[in-house]
Structures are given as structure tokens and as C-alpha cells.
Amino acid sequence: MAASLRSIVQASRSPFARAGIASARFSSTVPKQSTLKDRLAELIPAEIEQVKRIRAQHGKKSFGPVLVDQLYGGMRGLPALIWDGSVLDAEEGIRFRGKSIPECQELLPKAPGGSEPLPEGLFWLLVTGEIPTQEQVTGLSRDWAARAAIPDFVEEILDRCPPTLHPMSQFSLAVTALNHDSAFAKAYQDGISKKDYWGPTFEDAMDLIAKLPNIAGRIYRNVFGDGKLPAIDLHKDYSHNLATLFGFGENEAFVELLRLYITIHSDHEGGNVSAHTGKLVGSALSDPFLAFGASLNGLAGPLHGLANQEVLVWLRKMQEKIGENASDVAVKEYVWSTLKGGQVVPGYGHAVLRKTDPRYVAQREFALKHLPHDPLFRLVGQVYNIVPNILLEAGKAKNPWPNVDAHSGVLLTHYGLTQMQFYTVLFGVSRAFGVAAQLIWDRALGAPLERPKSYSSAAIEKIFRDHE
Ligand SMILES: CC(=O)SCCNC(=O)CCNC(=O)[C@H](O)C(C)(C)COP(=O)(O)OP(=O)(O)OC[C@H]1O[C@@H](n2cnc3c(N)ncnc32)[C@H](O)[C@@H]1OP(=O)(O)O
Ligand SMILES: O=C([O-])CC(=O)C(=O)O
């Protein structure tokens, strides 16, 4: 058993898993003035050829053995999906089209006076593999602001939700309902040819991303405020508008935090629950709204995106129990009591990563710059010094290090966005970027319906009995 698990871990560290390099097919020069859709139209034919070439050359080669443990073990390390926007290395963390988080922070365009990357640029990078110009990024900001309005009936759905319905359930309802106006669903009914699928998918993907701030803002204001929303400013960037809808638009540091937050939460290769779900549902030619609604339902689980809410809940409970400024001994006892209660320590561990998540590091650096003396930030640091050793001593978790969720809540709390139940909605707004980018490519490349093979336990026993 131990040997099998080791090979599963090794599989995730294979050269294939490390292949997060920028695709050679994408040139580094970006024609000036082209819109994202123009650029995509230029890139698609070469990409279709590239996939044909790879399949012709390597299509019948094995990617390694599949272990029975992988069937029972949540398919860890099983190479099973194509995902172009990002690749995750177990040791190094995520690279978006071959670029690490610090590289994205350096290379992607910023807002005037800002130092964090604009998520608009990250989306351009995810879709094309290229770093956009400032002008192209501004073009995306304008386009998204112009598409931001949501239909009246979607507003009504949200206004009718009881405030006790979790914000993620409200989010999923509203995103699913956007399918009413899907360009792809309409084009399909009108008999669009397969080779043209990507065009209306692109339009839906852009509408999806553009409309999320008004949905998230309305949920926030309905559940935690007076229900009144300011208008989208057609001349502001995406994160600024989002912050304004929550009531934090005047706080430039918070807006910068959102720019970083959306960038680093956007994509985490294809196997995570939200990304894979979106791809799977999209493979049935469900439109991007239906596909991403499904992603959100997966993101809402406590082992995935809900963990950022759970981290804050856990930290607050700890403070209630052992007080603020508690000693290391008291924190250790609290961590052990969590484990002994049969619960996980939220924000720690990962299905792929085996080191501290670089998204945690990026957020820690932001905190050191903007809120070094925040008491909750100090507690997050104290927990970081304590939890990994305890998880190692407990001996079960394969990765004792913190993931992205261990740090996001403390930053949002610092600026006054204290409603933990809302945190995963922000994660969802960000994750739309990665899922949408891949949905466009899946339709452009004619990705087939996903339909892997399943086995019953009886069938597995019979297969091996027959071979012995
Ligand atoms: C954005 C994201 O989705 S990042 C992940 C967010 N989720 C969390 O932070 C929740 C806490 N962490 C976890 O539950 C896990 O580490 C996961 C779900 C992230 C990964 O799960 P796995 O790949 O199955 O982890 P792993 O192989 O290390 O699990 C082995 C055992 O260690 C346990 N373990 C793993 N992480 C932890 C943890 N943080 N606290 C306590 N136990 C843990 C698992 O529950 C499992 O126990 P079991 O054998 O009794 O079932
Ligand atoms: O990669 C995963 O399985 C989970 C994760 O960190 C993410 O989706 O951001």
C-alpha cells in the first residue's frame, strides 16, 4: 500500500506534471490593437494543427500505469485531462502559461499607480499565452464594464433568496440562470457548425466574467447590507468596480488586494474540483453559464473553496477558546484538539502541492507590506509555525504546508470585509477566469464529451482473479 501511494505521489511529480512551460506555438510578440477575440481567431488554426501533430506523434504512447489505488484514491496523479491555462508542480506551485506568480506580478500590466497585476491581463495570458499591452488590458476592462448588467429576472431571483441561504448557493443559482441569454445555447439551437462553436462560447465567457461583479455585489448587499448597489463605472477596471459594489472602492489598498486575489485564485490547472467540473459539464455542450454554475457547486465544498471561510471560522473559534495573543502551547493544544475531534485543520494540506503554496506566499508578502501589525495576521503566522510540525507528527497528511485558503480571509477581514460566509464567492469570481478560458479552447479544439470508464469493486476483483 505504502509503495503504491508513493508511486501516486511520484506520478504527480513526473516530467509531465512539470511541463508547465509556455507553449512554443505562441509567439511573444503581440500585434498591437488586436482585441482578444481577434487574437484568438489568429491562434486557433495553429493550435488545432499542434494538437493534431501531438496526437499523430504520441497518441498511442502510454502515460504510465494506472494503479487500483488511484481508482479508490480520488484519481490522485492520474493524467487524464488537457488544460492549457496553467500547470501545477507539486514542489513549485502554479504557473500560468508557464509564468510563476512573481513573474505575473512583474510582467502583467498594472493600474495607474498600482503594483499588483490586473486580472484582465491574467485572463489575456490564460487565453492566448501572451502578455497583453496596457491598451489591450484597458480594452478588456471597458468591454467587461459594458457587459456587466444582469437581467432583471436574475436580480429578482437574488432578491427573493432568504438571507439565510448560503451566498454560494445564491451565486450558483444566479450564474445558472444567466443561461437564459446564452449565445452558445441559442447558436446551437439555430444549428451552428461545430467549427464555429468557439465564437459564441467566447461571447458567453466574456459575459459570464463581466456579470459576476453585479451578482456577487447584489448577494453581498442583500445578505449583509441594505440591498442597494452603486452602478458600474465604465472607465474603471474590473477589480475597482467589484470593490465599489461591496462598498470598498475608495480604499485603494483593498482594490489592489482584489487585483492580486483574483489573479492568484483564477486557475489551478484542470484537475481541481471546480475546474474539472466546469470542463466536464462543458463537454456535454452545456453553455458556459451552466458549466460554471456546476463549478461553483464544487467550489462550495469545505475541502475545496469553502476552506477559506472555514479557516476564519476556525481561527475565531480558537480565539474564543484560548483568547487573543495565546501562547504557542495553547495554540498547539487547540490544533491537536481539532485533529483528535476527527476534523481537518482548514487551510493546510493539498491534493497535489507538497510545499507551501506560492499563493499563500504572495498573500503573506502583501500582508507584510500593507498590514504587518494586524493581530489576526500575527496569529496566521503563529499557526504557520505550529501546524506543519503537528501534521507531520500526526503522520497522515501528505502535505503539512498551508494552501491558499490559509491566508485569504485575514486580508479581507483586515479591510472590513468580515463576512466569512461570503469569502468563497470571491474565490468563485476569480475561478471563472480559468474555467472560462479553458471552455473557449475546448470548443475551439473540438474537445469531446468526457466519459471515463468506471468499475465496480466486484469487477476489479474479478479482473485480477482472472489474471492470477
Ligand atoms: C483551494 C483549495 O481547494 S486548497 C484545499 C483547501 N482545503 C483545505 O484546506 C481543507 C484541509 N485539507 C484537507 O482536507 C486535505 O489536505 C485536502 C482535501 C486539501 C487534500 O486531500 P488529500 O489529497 O486526500 O490529502 P492527503 O492524501 O494528504 O490525506 C491523507 C490523510 O490526511 C488527512 N489530512 C490531509 N490534510 C489534513 C489537514 N489539513 N488536517 C487534518 N488531516 C488532514 C486526510 O484527511 C487523510 O485522512 P484519512 O486517511 O483519514 O482520510
Ligand atoms: O488544486 C486543487 O486541487 C485545489 C486548489 O488549490 C485550487 O483549486 O485552487
Side-chain angles (χ1 to χ4, degrees), residues 1-2 4-6 8-9 11-12 17 20 69-70 72-78 81 83 85-90 93-96 101 261-279 295-296 298-315 334-360 362-363 380 383-384 386-409 423-424 426-428 430-435 438:
M1 174 80 164
S4 313
L5 288 177
R6 220 175 11 250
I8 294 170
V9 173
S12 74
D69 264 344
Q70 287 175 296
Y72 284 103
M75 296 181 279
R76 292 296 177 285
L78 189 77
L81 299 168
W83 194 268
S86 63
V87 178
L88 181 63
D89 180 82
I94 197 67
R95 279 183 180 264
F96 304 111
I101 289 172
Y261 183 103
I262 296 173
T263 298
I264 63 176
H265 285 77
S266 61
D267 205 28
H268 217 232
E269 72 170 33
N272 68 75
V273 170
S274 50
H276 182 197
T277 306
K279 185 180 171 77
S295 294
L296 287 175
L299 195 69
L303 295 188
H304 189 24
L306 202 77
N308 58 22
Q309 163 186 317
E310 296 300 285
V311 167
L312 251 282
V313 170
W314 183 75
L315 290 174
Y334 187 79
V335 175
W336 274 114
S337 72
T338 301
L339 292 178
K340 285 179 184 154
Q343 294 153 33
V344 295
V345 178
Y348 281 76
H350 199 273
V352 178
L353 282 166
R354 293 297 175 257
K355 289 273 167 65
T356 296
D357 190 336
R359 300 172 296 179
Y360 178 96
Q363 294 182 98
V380 165
V383 166
Y384 179 69
I386 288 172
V387 166
N389 283 334
I390 294 184
L391 286 178
L392 283 173
E393 197 181 327
K396 283 216 288 184
K398 291 190 200 66
N399 174 31
W401 303 106
N403 60 58
V404 65
D405 293 323
H407 216 306
S408 44
Y423 291 169
T424 311
L426 271 183
F427 196 158
S430 321
R431 188 47 57 95
F433 285 55
V435 173
Q438 189 60 40

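By convention here, the first residue in the shown sequence is residue 1. Atoms within each ligand, like the ligands themselves, are counted from 1 in listed order. A quick note: this is a predicted structure, and the numbers were derived from the prediction, not measured.
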Which of the numbered atoms in ligand 1 are under 4.0 angstrom from any heavy atom belonging to [X]?
{"X": "F427", "value": "1 (C)"}
{"X": "G347", "value": "8 (C), 9 (O)"}
{"X": "V345", "value": "11 (C), 38 (C), 39 (N), 40 (N), 41 (C)"}
{"X": "H350", "value": "4 (S), 16 (O), 19 (C), 20 (C)"}
{"X": "K398", "value": "26 (P), 27 (O), 28 (O)"}
{"X": "A307", "value": "6 (C), 7 (N), 8 (C), 9 (O)"}

Does the protein place a non-hydrogen atom closer than 4.0 angstrom to [atom]?
{"atom": "atom 22 (P) of ligand 1", "result": "yes"}
{"atom": "atom 35 (C) of ligand 1", "result": "yes"}
{"atom": "atom 50 (O) of ligand 1", "result": "yes"}
{"atom": "atom 2 (C) of ligand 1", "result": "yes"}
{"atom": "atom 44 (C) of ligand 1", "result": "no"}

Practice task
Compare every heavy atom of H265 with every heavy atom of S430, then report the nearest pair and how far apart it is.
Solution key: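 Here S430 and H265 meet closest at CB-CB, 3.5 Å.
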Does [X] reach the main-chain N or O of [Y] with its side chain, forming a donor-acceptor pair under 3.5 Å?
{"X": "S86", "Y": "I94", "value": "no"}
{"X": "N403", "Y": "G349", "value": "yes"}
{"X": "Q70", "Y": "M75", "value": "no"}

Using heavy atoms and a threshold below 4.0 Å, how should the contact between [X] and ligand 1 be classified: side chain, backbone, both, or neither?
{"X": "V311", "value": "neither"}
{"X": "L303", "value": "both"}
{"X": "D405", "value": "side chain"}

Problem - Region of R359 that comes within reach of ligand 2 [heavy atoms, distance under 4.0 Å] - result: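 For R359, only side-chain atoms sit under 4.0 Å from ligand 2.
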Exercise for the section: Compute the minimum heavy-atom distance from L391 to ligand 1 and say whether it is under 4.0 Å. Expected result: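 L391: in contact with ligand 1 (<4.0 Å).
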Practice task
Could you tell me if any non-hydrogen atom of E310 lies under 4.0 Å from any atom of ligand 1?
Solution key: no
Problem - Nearest candidate to atom 10 (C) of ligand 1, where distance is taken over non-hydrogen atoms, out of P302, G301, G349, G298 - result: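 Checking each option, the heavy atom nearest atom 10 (C) of ligand 1 is found in P302.
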Practice task
Would you mind finding which of H304, H268, K396 brings a heavy atom closest to atom 48 (P) of ligand 1?
Solution key: K396
Practice task
Decide whether the shortest distance between a heavy atom of E269 and an atom of ligand 2 is less than 4.0 Å.
Solution key: no
Practice task
Answer with yes or no whether H265 contacts ligand 2, where contact means a heavy atom under 4.0 Å from a ligand atom.
Solution key: no
Which residue and heavy atom of the protein sit nearest [atom], plus the separation:
{"atom": "atom 3 (O) of ligand 2", "answer": "N272 CB, 3.4 Å"}
{"atom": "atom 1 (O) of ligand 2", "answer": "H268 ND1, 2.8 Å"}
{"atom": "atom 4 (C) of ligand 2", "answer": "H350 NE2, 3.4 Å"}

Exercise for the section: Check the angle between the aromatic planes of W314 and Y334 and answer parallel, tilted or perpendicular using the 30° and 60° thresholds. Expected result: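 Tilted, since the angle between the ring planes falls between 30° and 60°.
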Practice task
Could you check whether the rings of Y384 and W401 sit parallel, tilted or perpendicular, using 30° and 60° as the cut-offs?
Solution key: tilted
Practice task
Give yes or no for whether the N/O distance cutoff of 3.5 Å, strictly under, is met between S274 and ligand 2.
Solution key: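 No - when backbone and side-chain N and O of S274 are compared with those of ligand 2, no distance drops under 3.5 Å.
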Handout entry: Polar proximity ligand 2 side, R431 side, N/O cut 3.5 Å exclusive
Key = yes
